[in-house]
Every structure is written in structure tokens, then in C-alpha cells.
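Structure record follows, encoded as C-alpha cells.
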Number of protein chains: 2
Amino acid sequence: MARSAEPKEPAPGRAPAPPHGRTPSVKDVAASAGVSLGTVSNVLNKPAAVSAATRERVERAMAELGFVRNESARQLRAGTSRTLAYVMLDGGNPFFHDVARGIESGAEDADLSLFICNSDGRAAREAKHLDRLVQQRVQGILITPVDPSASHLREIGRRGIPLVMVDRLGGTGDCCSVAVDDVLGGRIAIEHLTDRGHERVAFVGGPESIGQVRERLLGARQVWSELGRDAADLIHLPTEALTVAEGRGAGERLAGLPARRRPTAVFCANDLLALGLLQQATAIGMRVPEDLAIVGYDDIEFAAAAAVPLTSVRQPREELGRTAARLVLAEAGDPAHRHEQACFVPELVARASTAAVRHPARKR
Amino acid sequence: MARSAEPKEPAPGRAPAPPHGRTPSVKDVAASAGVSLGTVSNVLNKPAAVSAATRERVERAMAELGFVRNESARQLRAGTSRTLAYVMLDGGNPFFHDVARGIESGAEDADLSLFICNSDGRAAREAKHLDRLVQQRVQGILITPVDPSASHLREIGRRGIPLVMVDRLGGTGDCCSVAVDDVLGGRIAIEHLTDRGHERVAFVGGPESIGQVRERLLGARQVWSELGRDAADLIHLPTEALTVAEGRGAGERLAGLPARRRPTAVFCANDLLALGLLQQATAIGMRVPEDLAIVGYDDIEFAAAAAVPLTSVRQPREELGRTAARLVLAEAGDPAHRHEQACFVPELVARASTAAVRHPARKR
DNA sequence: GATCCTATCTGAAACATTTCAACGCCCCGC
DNA sequence: GCGGGGCGTTGAAATGTTTCAGATAGGATC
């Protein structure tokens with residue numbers, strides 16, 4: 001019954017089979033190398049304090065036994081883990097994955113692992129994730145919250161766990177945050193469209209409970225009124241969510257408008273909406289950009305990959321993530337840390353979906 | 001200097017400020033409730049063994065102190081963590097996120113957390129992630145490996161950590177795996193195209209070092225020869241990777257073919273390629289499906305959202321993930337576990353990109 | 001009243017690591 | 001020969017939890 005080594009397979013790697021059942025600990029290594037366990041610990045943590053000969057002996061023992069540090073024990077002693085966590089809002093939106101990638105790169109630099117969670121827009125899930133993360137004693141939490149003012153967020157802060165809001169403004173300033181200037185994003189989108197000669201534009205997006213949506217719309221309206229345009233010519237087509245399906249729905253409603261009122265361009269609150277809208281528009285035979293120009297938001301990879309490449313407002317996603325990681329680490333390192341609100345500037349990426357065309361209405 | 005409670009903010013939540021610096025432990029709770037720490041532990045782990053009165057007292061103490069279990073300590077004692085991990089191959093491909101969602105749902109059922117890592121197709125990154133996961137003593141590892149035969153994978157197995165390959169066949173059977181029948185997938189894609197009357201078809205995909213690519217191509221060729229078609233009419237357009245950019249490149253090469261040799265349909269090894277190809281085809285004025293029919297693979301959300309909705313071979317992604325989670329848990333629970341190779345059946349989802357059109361070549 | 005049982009609670013041990021005061025040792029300078 | 005100071009090493013303490021053998025008490029049964 002004893003688990004014998006398979007004779008067929010003569011140790012393919014370097015590490016031999018584990019000594020016996022249990023995975024070896026520092027104690028085993030110490031015994032095998034004939035040193036105290038404090039010395040083994042020193043080899044791991046301050047190798048300079050150990051003589052070369054001893055160090056080598058210990059290292060050989062570790063290799064022979066296939067020793068691997070037990071991170072739980074280390075954490076227990078240290079009081080905190082070597083892990084950051086990012087709780088993202090919508091796992092179906094590539095935007096957040098790009099942000100996550102930025103965070104990961106920041107975490108990597110500090111030699112930390114990154115725990116990625118997905119709240120899927122549901123407060124209960126978010127709370128559950130946060131609960132777990134607190135139990136894990138993560139070193140810091142990055143989050144794009146369902147509701148930035150939720151009580152479970154303040155709870156985290158009260159516990160003294162560094163927390164950074166990502167892509168949301170920290171509001172009252174009781175935590176760090178990184179965000180992009182959404183009002184400005186709305187402005188440049190509309191400026192781009194008016195530059196292209198559009199006089200009747202729709203803003204597609206909702207619900208307005210989402211700060212981003214509110215601000216992008218606000219920016220749009222600001223420019224519109226500054227240009228002295230009639231507010232009635234900037235239509236708001238609300239959606240229930242920022243998804244492809246909702247974008248299609250908005251496309252249908254757009255098509256249903258009487259020709260007089262129908263806009264020649266739309267500005268969508270994100271790229272998913274824009275892609276859905278583009279699809280619907282194409283399906284009913286509208287040409288983009290000739291009949292309808294479209295501007296999206298986020299500049300996700302699929303925006304550039306659309307059949308008609310999508311003009312979009314790009315956010316510096318990875319940098320957003322990297323900065324967030326930097327802030328959370330700064331807060332973790334320095335107790336006297338002042339909360340910081342980083343705000344990035346969005347940038348318009350013009351593509352075919354708003355290419356300059358002599359507009360039919362003007363041409364004739 | 002003492003950190004006094006802010007007078008402005010009269011305890012917004014229920015939990016009062018932590019007692020003093022340190023986060024409270026079971027010992028603190030025990031002291032505060034006037035019981036032994038064993039009892040506190042029982043309240044947490046086997047509440048039935050504690051009298052109602054005591055339990056309530058302890059629970060009140062926990063609430064008052066804002067006690068949160070320390071997961072590291074729990075893990076240390078238990079010898080293993082309450083965490084699964086998924087190392088995905090390509091964070092930029094929504095397919096893997098859907099798989100991850102399935103895994104998460106499986107993990108959720110077992111009340112485990114899921115650690116999501118991204119190897120980004122790089123073996124070194126993958127090895128680093130695995131290293132960390134072993135240090136964390138995760139309960140099991142799910143992985144879509146860069147190279148299924150890599151030595152660091154066998155290492156994991158030798159350590160006795162349950163490992164399940166996702167979307168890859170376990171090959172020699174020395175670990176569990178879940179996969180989808182890619183040969184069959186290739187077959188149904190080609191059958192669909194030949195049903196639609198196409199007589200010259202291209203397979204776009206590569207590199208062939210990827211098992212999926214090889215098998216989908218194999219399935220395609222099988223059907224082709226079974227139908228008695230000339231092998232020269234099933235062109236293989238190789239790509240360097242399964243990305244949108246490579247899809248665009250393939251589109252260019254396709255357009256460059258002399259009209260006689262140009263296929264009327266393509267079967268792409270995944271949806272990213274198909275989307276890139278669709279974009280390029282549209283850009284140069286080819287109509288889809290009239291001039292070129294396209295079949296993708298994976299049926300990611302963006303396939304349905306494309307301007308011309310993409311016909312695609314759907315894999316049961318979430319189920320793949322859920323099954324993988326189930327297998328890894330089975331292996332973790334039962335040491336005498338027999339490795340299992342789960343194989344799912346793909347399914348064709350027909351959309352506009354291969355809609356039946358009277359094909360020009362036949363019409364005239 | 002002794003015995004047994006059950007329900008409840010206790011205290012110490014164990015888990016793997018890091019830290020730290022202390023120790024032995026050797027060499028240097030006096 | 002002795003004090004002093006590095007250097008390298010040691011052993012014990014501490015971290016927060018779970019587990020488990022025992023302790024205690026309160027009934028019920030004989």
C-alpha cells in the first residue's frame with residue numbers, strides 16, 4: 001500500500017519525490033542541513049547574514065526536500081499578506097480587464113500578488129468579496145464600487161485597510177481615488193462631432209445613477225450650450241445599462257424617430273453601447289458614418305476591431321491601474337499618508353465611424 | 001496625538017472603532033465575552049455545540065470588537081487554504097473570462113475563493129504564478145497552460161496539489177482535464193459551410209503548436225476529404241497568434257489571392273481572428289456573407305455583436321469552468337481519485353455572416 | 001448516594017514562519 | 001592574558017486559529 005515511486009518514470013524534473021507525506025517545513029530543512037531553523041529563515045530572508053558555506057548547505061537541503069515557503073505562516077507572523085486585491089465592477093467589460101492589467105503590473109513591481117474579484121454590479125457580491133479580502137488580510141484593496149458611498153466601503157477604511165477607488169471619484173476625500181475626467185471626455189466627444197458638422201446629436205447612456213454617465217452627459221451639454229446650440233438638438237436616449245444589448249435597443253429607438261428629429265450622430269456612454277448601436281444601425285441599412293456617425297467611450301480593443309472602426313474617447317486604462325496600485329502601496333507604507341485624488345485626461349481617437357463625409361443634409 | 005474618534009461623524013455603521021491598534025483576535029473576543037477561546041472557536045465552527053446564551057454573548061462581543069477571522073491562521077492550522085486558482089492563458093480573450101466565471105460559480109458553491117491569474121501566453125509568467133500559488137497552499141489549480149507538457153506542471157502534480165487542465169486535453173492522463181471536442185468543432189463548421197454551397201474554403205489560424213488549432217483544422221480536413229473534395233480547395237492561411245490583429249493580416253492576404261483561388265468562405269480558429277478578418281474584409285469592400293462567408297469559434301459575446309453577426313462554434317464555456325471546478329474539488333476531497341477527462345460537445349450558432357445567399361458563382 | 005450520560009466549556013498543543021536577545025567564537029589590540 | 005567587537009548561529013517567543021482530551025456540572029437511573 002505504501003506509495004512507491006513509479007519505476008517507469010525516473011524523476012523527470014530535478015526535485016525528487018517529497019520525503020514523506022507532509023510537505024517539508026523549515027524545521028525539516030534545518031535538520032537535513034544540520035543547522036538551526038533560525039538559520040534557515042535567515043537564508044530565506046537575509047542571506048547576507050549567513051556564511052557562504054552554510055547558505056549553500058541549506059540551499060541544497062531545500063532543493064533536495066523540495067521545500068516551499070508556507071505563505072500562511074509567513075503572513076500570520078507578519079500580520080499582513082503579500083497580496084493586493086481588485087474588485088472590478090463588470091467582468092464582461094474589457095475596460096476593467098485592462099485596468100486590472102495595469103494594477104497587476106504595479107503589484108508585480110512591489111512583488112505582490114493580485115487577487116481579482118468581480119462584483120458584477122451587485123452590491124451583495126461586492127460585500128461578500130470584501131469580507132473575504134478582509135479575512136485574508138490583504139495589504140490593500142482597489143475597487144470600482146457598485147456604489148461609492150456604500151457603508152461597507154467606509155467599514156474597510158475604518159479597519160485601516162488601504163483602499164483606492166478606481167475609475168470613481170473619492171467624493172468626500174476619505175480615501176484615495178484614480179479617475180478620468182469624464183466631463184472633459186464628454187466635451188471632446190461633442191466637440192469632435194460638431195467639428196464634423198453635426199447639428200443634431202444624441203447621447204446614448206444610462207442609468208444616470210452611474211457617475212460616469214452623468215458626467216459625460218454633463219460635459220456634452222456644456223459644450224452644446226457654449227456653442228449656443230438649441231438644447232433640444234442634443235437628445236438623451238437613456239439606457240438601462242452599459243451593455244451591447246442596450247446599445248441595440250437604443251439603435252431601434254433611434255431608427256423609430258421621425259426623420260426630422262433623428263440625429264446625424266450619436267455619442268455613446270461606452271463602447272459596448274456603441275458596438276450594439278453600430279450593429280443595429282448596420283442591420284437596418286444605415287451607413288456609418290454617412291447616415292449616422294458614432295462616438296464611443298473607453299476605446300476597448302473591440303472598438304478598433306469593429307467593422308466600421310469606432311471613434312472613441314480613450315482612457316489611459318493601464319496607467320489608471322498602475323497609479324491606483326502605486327497609491328494603495330503608498331498608503332500601506334506610510335500611515336501618515338494624505339489621501340490623493342488622481343485625475344487623468346481622456347483623449348479622442350478618431351476612426352472611421354466619424355470620418356469626415358460631406359453630409360447629405362448639407363451637400364444638397 | 002491619540003487617534004480620537006471624529007466627533008463630526010457619530011459612528012455611521014454598526015461596528016465601533018477598533019479597541020486599540022491591533023485587530024482583535026479570538027483571544028480578545030474570549031476575554032470580552034468572559035469565555036475561553038475554545039468556546040469562541042466553537043461559536044465560529046460548530047455553533048450547535050454552544051448553548052444559546054453563550055453563543056449570543058460571544059456574538060455580541062465579536063460585533064462590538066469588530067472581530068474578523070484571520071484566514072492565514074486558519075490556513076496554517078488547516079494546512080490548506082480555502083482558495084482555488086485559475087491561471088488563464090490570455091486575459092485579452094473574453095472566452096477565458098467566461099470560463100473563469102464558470103469556475104467561480106463552482107468555487108462559490110464550495111465556499112471557496114478564486115484566485116485568477118493571467119499567464120499571457122508566457123511560460124515564465126505562468127511558472128511564477130504557479131510558484132506563488134504553491135506557496136499559498138491553494139487547494140487546487142485550474143490552468144489553461146502555455147505548454148501542457150511543461151515540467152512545472154508535473155511538478156505541481158508531484159507535490160500532490162490537485163490540478164485540472166482547462167480547455168486542453170490531459171494527454172497522458174496524469175491529471176484531470178476538461179475540454180471541448182475540437183475535431184468535432186472543426187467538422188461542424190465545415191459541414192455548415194459546405195451545406196451553404198461553398199466549394200472553396202480557407203482555414204485561418206495558427207500557430208499549429210496550439211492543440212486547438214491543430215484539431216480544428218484536422219476536423220475540417222476530415223469532413224472535406226469525406227465529402228470527396230479536392231484538398232487544394234481547403235486552403236490553410238496560417239497566423240502567428242489568435243488575435244484580432246492577426247485576423248486583419250489574414251484578411252489582407254486573402255484579398256491578395258488571385259480571384260480564381262480566392263475562397264468564398266473562411267473558417268477561423270477563433271472569434272478574435274474572425275472579427276479582425278471581418279473588419280478587413282469590410283474595409284476593402286467585400287460584402288459578408290455575399291462575397292465572403294465567415295465562421296468563427298468560441299461564440300464570444302462580441303461575435304454576436306459584430307456589425308455582421310458572426311456565425312460561430314459555441315463552446316459551453318461556463319460549464320467547462322464549472323466542471324473543472326468540480327473535478328479539482330473531487331480530487332482534493334478524495335485521495336484515491338481517478339483522473340478524469342471531461343469532453344464537451346461544441347455547437348454551431350448560425351448567424352448572418354454565413355446566411356444563405358444565392359452565391360454569385362452559382363447564380364450566373 | 002453512586003453511577004452514568006449528556007451538554008457545555010476549558011486549556012494546552014500544534015501548525016510554519018519570523019524575530020530577537022543571547023551566545024560562542026575568533027581575532028585584534030593592549 | 002584580557003577586554004572588546006564582529007560575525008555567525010542558536011533557541012525561544014510570538015503570531016491567531018482549530019482541535020481534542022479532559023474537566024465540570026446537572027440530570028436521570030439505579
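Protein chains get the first letters and strands the later ones, always in sequence-line order, with residue 1 at the start of each. Small disclaimer: the values here were computed from a predicted structure and weren't measured.
- A sub-4.0 Å separation between OP1 or OP2 of D/dT10 and a side-chain N or O of A/T39 is present.
- Between A/R158 and A/R154 the shortest side-chain heavy-atom distance falls below 4.5 Å.
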Could you list the protein-to-nucleotides 17-19 of chain C atom pairs, N/O on both sides, closer than 3.5 Å?
from   : atom 1 : to    : atom 2 : distance (Å)
C/dT17 : OP1    : A/N70 : N      : 3.0
C/dT17 : OP2    : A/V26 : N      : 2.5
C/dT18 : OP1    : A/N45 : OD1    : 3.3
C/dT18 : OP1    : A/N45 : ND2    : 3.4
C/dT18 : OP1    : A/R69 : NE     : 3.2
C/dT18 : OP2    : A/S41 : OG     : 3.4
C/dT18 : OP2    : A/N45 : ND2    : 3.2
C/dT18 : O2     : A/R77 : NH1    : 2.2
C/dT19 : O4'    : A/R77 : NH1    : 3.2

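- Judged by distance alone, the side chain of A/R57 and the main-chain N or O of A/A33 form a donor-acceptor pair under 3.5 Å.
- Taking the six-membered ring for Trp and thresholds of 30 and 60 degrees, B/F115 and A/F115 have nearly parallel ring planes, at less than 30 degrees apart.
- A/H152 NE2 to A/K128 NZ: the interatomic distance, rounded to the nearest 0.5 Å, is 14.0 Å.
- For the pair A/R82 CZ and C/dA16 P, the computed distance is 21 Å after rounding to whole Å.
- Rounding to whole angstrom units, CD of residue A/Q75 and C1' of D/dG16 are separated by 12 Å.
- The existence of a salt bridge linking A/R74 and A/E71 is confirmed by a sub-4.0 Å separation between a basic side-chain nitrogen and an acidic carboxylate oxygen.
- Between D/dT9 and A/S51, a contact under 4.0 Å exists linking OP1 or OP2 to a side-chain N or O.
- Residues in residues 54-88 of chain A take part in no ring-ring contact (aromatic ring centres under 6.0 Å, His included) pair, two or more places apart or across chains.
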